[in-house]
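Accompanying notes for the structure given below.
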Amino acid sequence: MSNTNQDLADFIWSVADLLRGDYKRSEYAKVILPLTVLRRFDCVMEEKGTREEVRARAATFAGEKKDALLLGISGLPFFNTSAQSFETVGSDDRNVYANLKDYIRGFSPEVTEIIDRYDFHIQIERLNEADLLYLVIQEFAAIDLSPSKVSNHDMGYVFEELIRKFADASNETAGEHFTPREVVKLMVELLLGPDEERIRKPGAVIDILDPACGTGGMLAAAEEHIKELKPNARVNLFGQELNAESYAICRSDMLLKGHKAENIRFGNTFTRDWHEDRRFNYMLANPPFGVEWKKAEKAVREEHDDHGFDGRFGAGLPRINDGSFLFLQHMLHKMQPLKKDENGEEIGGSRIAIVFNGSPLFTGGAGSGESEIRRWILEHDYLETIVGLPDQLFYNTGISTYFWILSNRKPAHRKGKVIMIDARGEWVKRRKSLGEKRKEISEQQIANICAIYRDAEQIAADEGHPQHAKVKILRNEDYGYQRITVDRPLKLRFEITEDTLAELAASAALQKVLGDKKMSEEDVAKRQAEFVEALRPLAGQVWSTKAEARDALHQTVASAGLLWPSGAAFQKALWGAVGVRDPQGEVQYVKPNRPEPDPDLRDSENVPMDQNIDDYLAKEVKPHVDDAWIAELKNPKTKLTERYKVGYEIPFTRHFYVYEPPRPLAEIDAELKSLEAQIQELLGEVTG
């Protein structure tokens with residue numbers, strides 16, 4: 001952000017000083033943002049010079065399609081028929097309230113809808129009652145936001161800086177509203193860079209969607225990049241945004257740039273897709289990190305269950321506390337189909353860029369919603385590239401983030417593979433932190449990352465290349481694995497101890513077996529106590545087999561004149577107390593030749609997709625525990641018995657891990673002694 005833009009944002013922010021006392025700091029945005037938008041519209045109309053002509057024609061025209069006529073006269077995508085302007089509203093302290101209301105009513109529907117999203121009429125009443133309306137309007141009337149002084153591009157910076165300031169003032173998350181511009185620039189270049197030839201083709205119409213568009217910074221940057229390649233390109237921008245203030249800013253920005261304001265829609269992308277019937281050439285988004293989707297759960301689950309892959313969420317549902325993968329599935333659903341023209345050349349198809357934190361890379365084990373979504377993406381060969389970014393890059397979080405680049409028209413040399421680029425070291429320190437943002441990516445570093453992306457195959461193949469360590473290329477199936485459950489037999493010895501007797505005395509299962517419906521609770525408890533006391537003479541004895549233990553216990557109980565209960569519940573309660581796990585103990589069997597698995601020894605292994613699970617068990621497991629086997633478990637969804645589950649994860653950090661040996665002890669010891677000497681010297685200065 002340039003110093004001029006920063007100064008302008010600071011000046012507009014300073015107007016908030018007038019609100020102190022009557023407004024909380026967290027409420028300043030409700031006044032400042034809509035007035036900034038209104039003042040921008042006012043300056044645009046003033047500079048265009050058609051305001052008087054619009055007013056005159058509006059007063060005399062009585063026919064139909066009046067709005068269309070006035071739009072044509074204004075030369076802008078909006079108009080105002082009021083006799084007021086910021087200059088007149090701000091010059092009359094006695095009638096400022098009535099004049100401002102009249103001024104706002106004079107706008108065309110496109111602007112009225114934007115202002116309504118701010119609920120600004122409530123603030124007008126509040127400012128008027130506090131005798132602040134005239135003072136605030138005067139301040140804004142003195143700000144020159146004419147396009148000749150502040151371009152649309154710079155105005156976007158101003159809006160974003162204001163939102164950041166308001167978010168800081170109210171401890172909200174500015175990062176939910178916009179993305180640092182250098183991050184947007186890198187993202188756009190990675191998205192559009194491979195398609196320069198397509199973009200330059202004559203007659204191309206380019207539709208771009210951001211389903212979490214915030215203030216529209218990504219859409220604006222994408223259009224700007226395309227216009228640099230082809231100035232007369234026809235670009236249509238579409239967006240959807242849940243935050244009312246961000247939506248209003250984005251829609252007003254699109255309106256001022258000549259785009260169809262109705263292409264920017266307000267609402268939750270998960271519960272209603274306002275662009276349901278459209279497909280897009282390019283899509284990009286920075287959805288909020290780790291935000292739960294509980295409010296949209298009912299609609300999302302219904303779409304998943306009722307429509308499957310005909311809807312947006314057929315691949316699976318992530319856990320409720322992170323909706324990142326819902327945004328990505330939404331975008332993949334809106335890709336244009338890939339076709340071939342009469343010459344056999346591919347046409348259509350889409351490219352997607354999205355910002356994620358680390359969670360979508362690996363969260364969720366085999367069979368989970370996240371794993372199934374990754375599986376669907378990789379098995380359909382949509383994922384092209386993942387770029388690891390520096391931490392402390394965003395305003396509201398210091399965590400590491402990643403670009404995912406996806407496409408249904410990957411070039412031939414990248415089909416069936418995923419490129420991983422480690423750009424975590426590509427940053428420079430900011431002179432001044434902005435929230436959590438302490439780092440930024442320079443222009444040179446953006447160019448360097450794009451070059452690595454462009455030449456990834458060459459760099460990966462050349463071990464001598466200076467960037468070789470930053471690039472890994474793996475096959476899609478390399479990210480998959482077969483999750484097997486490894487069981488080992490339950491081995492027990494059998495003994496009677498005081499703890500055993502206490503456990504049997506407290507066993508509800510044993511009490512249930514020993515009693516019947518006709519007996520009182522006291523009689524059942526008495527019978528249980530008698531059974532336990534009958535076993536007391538065996539305290540201290542140990543048996544190596546269940547058969548030996550059963551004979552001894554049965555004989556002792558019979559000698560006491562008591563019955564030996566039957567049934568599985570009794571067996572479970574008895575042997576659960578008497579049996580003790582022992583690596584040298586007797587193997588227990590469910591059926592002949594079918595050992596009973598020990599749940600405490602159950603473990604899991606991830607077997608590579610191209611390896612036989614039995615061969616893996618024989619090679620990797622049995623040399624260590626030769627009695628292990630692969631469990632056969634029933635899938636709760638399909639009710640089928642399975643020996644493994646397929647899972648997918650992308651362990652980005654693991655692939656770029658470089659072992660660093662620990663420092664020599666002598667070096668550490670020398671450093672500690674040096675620090676001790678410095679501390680002693682400082683203490684000497686204090687006490688001296």
Side-chain angles (χ1 to χ4, degrees), residues 1-13 32-51 71 74-80 86 107-108 110-111 113-115 117-118 140 143-164 177-185 187-188 192 206-210 213-239 241 245-264 284:
M1 185 170 183
S2 71
N3 290 334
T4 302
N5 296 332
Q6 181 71 62
D7 292 344
L8 180 56
D10 289 344
F11 178 72
I12 294 173
W13 165 258
I32 302 301
L33 287 176
L35 279 173
T36 303
V37 170
L38 279 173
R39 179 57 177 154
R40 175 64 169 181
F41 283 131
D42 191 70
C43 289
V44 169
M45 290 187 294
E46 189 65 32
E47 189 167 280
K48 187 67 176 177
T50 56
R51 195 196 301 257
L71 284 172
S74 74
L76 297 167
F78 62 93
F79 59 81
N80 189 302
F86 257 73
F107 274 109
S108 53
E110 293 85 355
V111 175
E113 201 273 343
I114 292 169
I115 300 304
R117 286 296 174 187
Y118 286 111
F140 271 93
I143 302 171
D144 188 355
L145 297 181
S146 301
S148 59
K149 297 290 180 64
V150 186
S151 69
N152 285 330
H153 184 78
D154 289 339
M155 199 67 218
Y157 280 124
V158 171
F159 277 128
E160 290 178 356
E161 178 62 12
L162 286 172
I163 285 181
R164 189 195 64 76
H177 305 300
F178 68 102
T179 310
R181 282 301 175 104
E182 86 276 10
V183 177
V184 174
K185 179 177 175 60
M187 189 179 186
V188 167
L192 301 176
I206 301 169
D207 293 339
I208 307 174
L209 170 71
D210 182 345
C213 62
T215 60
M218 286 187 174
L219 291 171
E223 181 187 28
E224 184 178 326
H225 185 90
I226 291 170
K227 294 289 188 179
E228 287 175 359
L229 296 174
K230 186 181 179 184
N232 63 343
R234 182 179 168 188
V235 182
N236 300 315
L237 303 180
F238 298 80
E241 174 56 34
E245 292 169 352
S246 298
Y247 158 79
I249 289 173
C250 181
R251 190 167 171 120
S252 62
D253 186 50
M254 295 299 122
L255 189 64
L256 288 166
K257 291 176 179 176
H259 289 285
K260 290 184 178 179
E262 60 267 27
N263 288 351
I264 308 300
L284 69 176

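Both backbone and side-chain heavy atoms feed into the values below; hydrogens, waters and symmetry mates do not.
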How are the rings of F78 and F41 set to each other: parallel, tilted or perpendicular (split at 30° and 60°)?
-> perpendicular
Can you tell if the side chain of F140 reaches within under 4.5 Å of the side chain of T36, non-hydrogen atoms only?
-> yes
Spacing of D10 atom CG and E161 atom CD [to the nearest 0.5 Å] | 6.5 Å
Do L219 and I264 come close enough that some side-chain heavy atom pair is under 4.5 Å?
-> yes
Go through the steps for T215 and D253 under the test side chain to side chain contact (heavy atoms under 4.5 Å, CB included), then give the verdict.
-> CA-CA 8 Å; T215 60; D253 186 50; over 6 Å; no
M45 versus F79, closest heavy-atom pair with distance | SD-C, 4.3 Å
From N263 atom CG to R251 atom CZ, the distance as rounded to the nearest 0.5 Å | 9.0 Å
From CA spacing to verdict: side chain to side chain contact (heavy atoms under 4.5 Å, CB included), I226, I208 = CA-CA 11 Å; I226 291 170; I208 307 174; 3.6 Å; yes
Give a yes or no answer on whether the side chain of E47 reaches the backbone of S148 with a donor-acceptor pair at less than 3.5 Å.
-> yes
Taking all non-hydrogen atoms of both residues into account, name the closest pair between R181 and Y157 and its distance.
-> CG-CE2, 2.9 Å
Could you tell me whether a side-chain N or O of S151 sits under 3.5 Å from a main-chain N or O of D154, the two making a donor and an acceptor?
-> yes
Are the side chains of E245 and I249 in touch, meaning some heavy atoms are under 4.5 Å apart?
-> no
Using atom types as modelled and distance alone, determine if a side-chain donor or acceptor of R39 lies under 3.5 Å from a backbone N or O of I143.
-> yes
Determine whether more than 12 heavy atoms belonging to other residues, nucleotides or ligands lie under 6.0 Å from atom NZ of K260.
-> no
Enter the distance from S252:OG to K257:NZ here, rounded to the nearest 0.5 Å.
-> 10.0 Å
dist C43:SG -> M155:CE (nearest 0.5 Å) comes out at 8.5 Å
Heavy-atom pair of closest approach, residues I115 and V37 = CD1-CG1, 4.4 Å
Does the side chain of H259 reach to within under 4.5 Å of the side chain of E223, using non-hydrogen atoms?
-> yes
At what distance, to the nearest 0.5 angstrom, does CD of E110 lie from CG of L71?
-> 5.5 Å
Looking only at heavy atoms, the pair that brings I163 and S246 closest together is CD1-OG, 4.3 Å
For T50 and S74, work out which heavy atoms get closest and say how close.
-> OG1-O, 2.8 Å
Mind checking the CG-CG spacing from L145 to D42? Nearest 0.5 Å is all I need.
-> 9.5 Å
Measure the shortest side-chain to side-chain distance between I12 and I32 over non-hydrogen atoms and say whether it is less than 4.5 angstrom.
-> yes
Can you name the nearest heavy-atom pair linking G214 to C250, along with the distance?
-> O-CB, 3.4 Å
